[in-house]
Number of protein chains: 2
Amino acid sequence: MTNQNFSKTSSVDVIHALIKTSHYIQREFEASIASLDMPFQISGPRLRLLLKVSEFGKIRMSELATKLGIKARTVTDFVDALEQEKLLVRQPDPLDRRATLIQLTDYAKDQILKVQMCEKEAADILLRNLSQEQRDNLLHLLLGLTNYNEVQCNFEELI
Amino acid sequence: MTNQNFSKTSSVDVIHALIKTSHYIQREFEASIASLDMPFQISGPRLRLLLKVSEFGKIRMSELATKLGIKARTVTDFVDALEQEKLLVRQPDPLDRRATLIQLTDYAKDQILKVQMCEKEAADILLRNLSQEQRDNLLHLLLGLTNYNEVQCNFEELI
DNA sequence: TATTGTTATACTCTATAACTATA
DNA sequence: TATAGTTATAGAGTATAACAATA
């Protein structure tokens, strides 16, 4: 595993490797989650929304759209589906009668924990060939790549 | 930019950073390509298929499906669309009358060059905060992550 | 007049199942 | 019987546009 082979890398090669690796990881992650055989439909985008709601406790649909980097219309569909699965509930916002607040059910909180344990296992397997130092280094490089770009990556895509 | 902040990184954090960074990069890439204002519909998956055809010169639809990690049925739709855009042509395979060979048009080859120049520009911008050494290092870590996993990443997802 | 969320609609990428023609 | 590609259908994730209720 010599480093020499990869010197004078072109920028496009790095970007392609990044995208390819990420696709591979996403497939593994999604497959792991699917194999959990949860009693509801779960997926990357759905989980991402649930985790965002979890982070805020209560959050407006419009804010959710902004945070996730998707449109309000798209959030409506996700919330419809997840509400039917009993994973979240809509509540009228007492401060603004146009707005709707979203909140996780207790059931959802339990289920998310299971999914997160599964993620942890999958992540450990995926990274098993990297030493702790290499992991630190990889994270450092990834953060350096986005943090210093003027276009902030202020939506969070976890899967 | 000290490295200390990121030590004892959890595996999940690294994976999430990887996926998030990749999504960000894909958006930038797709936006760059869209801004080229090409006379046809281009997108990540379409470009990926075109580049795969370009790599092989002539390739059977079934092989294309395997290489891209998608189903034959999905390839049919892509080829239908791209053939209408005059970017590729179907030819009967002389060796097997069930099979169809796909080939790029000269027009497609020109257009792909433009897209690739655009990719190069976008990649340079995205990586401008990483030194040559850091790029080499990043690529090395990414390859190490996938290469040594038993599940080979033998489809290629460029965007 | 602007914003929140929804109805209506559509597009892209992907899949499975059934079928046709060939091997 | 198996394979290559297509027709038919579906579903997830995303979007825009028009609209109702409210600010």
Side-chain angles (χ1 to χ4, degrees), chain A residues 19 23 26-27 29-31 33-34 40-50 52-53 58-85 88-102 155 157-159, chain B residues 19 23 26-27 29-31 33-34 40-50 52-53 58-85 87-103 155 157-159:
Chain A
I19 292 170
H23 282 194
Q26 279 184 84
R27 285 200 182 198
F29 250 49
E30 295 244 8
I33 292 170
F40 49 83
Q41 286 292 343
I42 197 66
S43 68
R46 282 179 183 208
L47 180 59
R48 200 160 75 230
L49 187 143
L50 291 174
K52 186 55 71 181
V53 177
K58 281 185 186 176
I59 186 171
R60 279 193 192 176
M61 293 182 67
S62 56
E63 198 181 352
L64 206 39
T66 310
K67 297 280 181 195
L68 293 168
I70 59 180
K71 299 295 171 188
R73 180 61 185 83
T74 307
V75 172
T76 296
D77 276 351
F78 275 112
V79 171
D80 283 350
L82 294 168
E83 193 171 33
Q84 250 187 327
E85 305 269 28
L88 48 75
V89 287
R90 281 176 163 100
Q91 294 171 341
D93 186 336
L95 304 177
D96 185 338
R97 286 195 299 173
R98 292 170 306 178
T100 303
L101 291 171
I102 301 303
F155 55 90
E157 319 212 28
L158 297 175
I159 265 205
Chain B
I19 291 170
H23 282 195
Q26 278 184 83
R27 285 201 182 199
F29 251 49
E30 296 243 10
I33 292 171
F40 49 84
Q41 285 293 343
I42 199 64
S43 69
R46 283 180 181 206
L47 180 59
R48 199 160 75 232
L49 187 144
L50 291 174
K52 187 54 75 182
V53 176
K58 280 183 186 176
I59 187 170
R60 279 193 192 175
M61 292 182 68
S62 54
E63 198 182 350
L64 207 41
T66 309
K67 297 280 180 195
L68 293 169
I70 59 179
K71 299 295 173 189
R73 180 60 185 84
T74 307
V75 171
T76 296
D77 277 350
F78 275 112
V79 171
D80 283 350
L82 294 168
E83 192 170 34
Q84 251 189 325
E85 304 269 28
L87 292 166
L88 48 76
V89 286
R90 283 174 162 101
Q91 294 171 339
D93 186 336
L95 304 176
D96 185 338
R97 285 195 300 174
R98 293 171 306 180
T100 303
L101 292 171
I102 302 304
Q103 199 171 5
F155 55 89
E157 319 214 27
L158 297 175
I159 265 206

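Note that these values count all heavy atoms, side chains included, but never hydrogens, waters or copies made by symmetry. Numbered from 1 within each chain, the chains take letters A, B, ... in sequence-line order.
- Atom CG in B:Leu68 sits roughly 15 Å away from atom C1' in C:dA15 (whole-Å rounding).
- Scanning for salt bridge (Lys or Arg N to Asp or Glu O under 4.0 Å) contacts around B:Arg90 gives B:Asp80, B:Glu83, with sequence neighbours left out.
- The side chain of B:Ile70 lies closest to C:dA15 when the candidates are D:dT14, C:dT6, C:dA15.
- In this structure, A:Ala72 and B:Thr100 both approach DNA chain D, and ranking their closest nucleotides by distance from the 5' end singles out B:Thr100.
- Side-chain N/O atoms of B:Ser43 include one lying less than 4.0 angstrom from OP1 or OP2 on C:dC13.
- Partners of B:Gln84 according to the side-chain contact (heavy atoms from CB on, under 4.5 Å) rule, which considers only residues two or more places apart in sequence or in another chain, do not exist here.
- Every residue two or more places apart in sequence or in another chain that forms a salt bridge (Lys or Arg N to Asp or Glu O under 4.0 Å) with B:Glu85 is listed here: B:Arg46.
- Taking 4.0 angstrom as the limit, A:Thr76 places none of its side-chain polar atoms (N or O) nearer than this to OP1 or OP2 of C:dT7.
- Distance CD1/A:Ile102 to CG/A:Leu49: 8.0 Å, rounded to 0.5 Å.
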Output one letter per nucleotide in nucleotides 17-23 of chain D: B when a protein non-hydrogen atom lies under 4.0 Å from the base, S when only the sugar-phosphate is that close, - when neither is. ----BBS
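- Taking atom CD1 on A:Ile102 and atom P on C:dG5, their separation rounds to 8 Å, with Å as the unit.
- In the set D:dA4, C:dT6, D:dT6, the nucleotide with an atom closest to the side chain of B:Arg60 is D:dA4.
- Nearest to the side chain of B:Arg46, among D:dT6, C:dG5, C:dT12, sits C:dT12.
- Looking at residues two or more places apart in sequence or on another chain, you find a side-chain contact (heavy atoms from CB on, under 4.5 Å) between B:Ala99 and B:Arg60, B:Asp93, B:Asp96.
- A:Leu68 contributes atom CG, which lies 10.0 Å from atom OG1 of A:Thr74 (distance to the nearest 0.5 angstrom).
- Checking C:dT16, C:dT14, C:dT4 against every side-chain atom of B:Asp77, the shortest atom distance belongs to C:dT14.
- The distance between atom CD1 of B:Ile42 and atom C1' of C:dC13, rounded to the nearest whole Å, is 14 Å.
- Look at B:Arg90 and you won't find any side-chain N or O under 4.0 angstrom from OP1 or OP2 of D:dA4.
- Residues meeting the side-chain contact (heavy atoms from CB on, under 4.5 Å) test with B:Lys58, sequence neighbours left out: B:Gln91, B:Leu101, B:Gln103.
- The side chain of A:Thr74 places no N or O atom within less than 4.0 Å of a non-bridging phosphate oxygen (OP1 or OP2) of D:dG13.
- Taking the side chain of A:Pro45 as heavy atoms from C-beta on, and the options C:dC13, D:dT14, D:dT6, the nearest nucleotide is D:dT14.
- Checking the phosphate oxygens (OP1, OP2) of D:dT3, no side-chain nitrogen or oxygen of B:Ser62 falls inside 4.0 Å.
- When distances are taken from the side chain of A:Phe78 to each of C:dT14, D:dG13, D:dA15, the shortest belongs to D:dG13.
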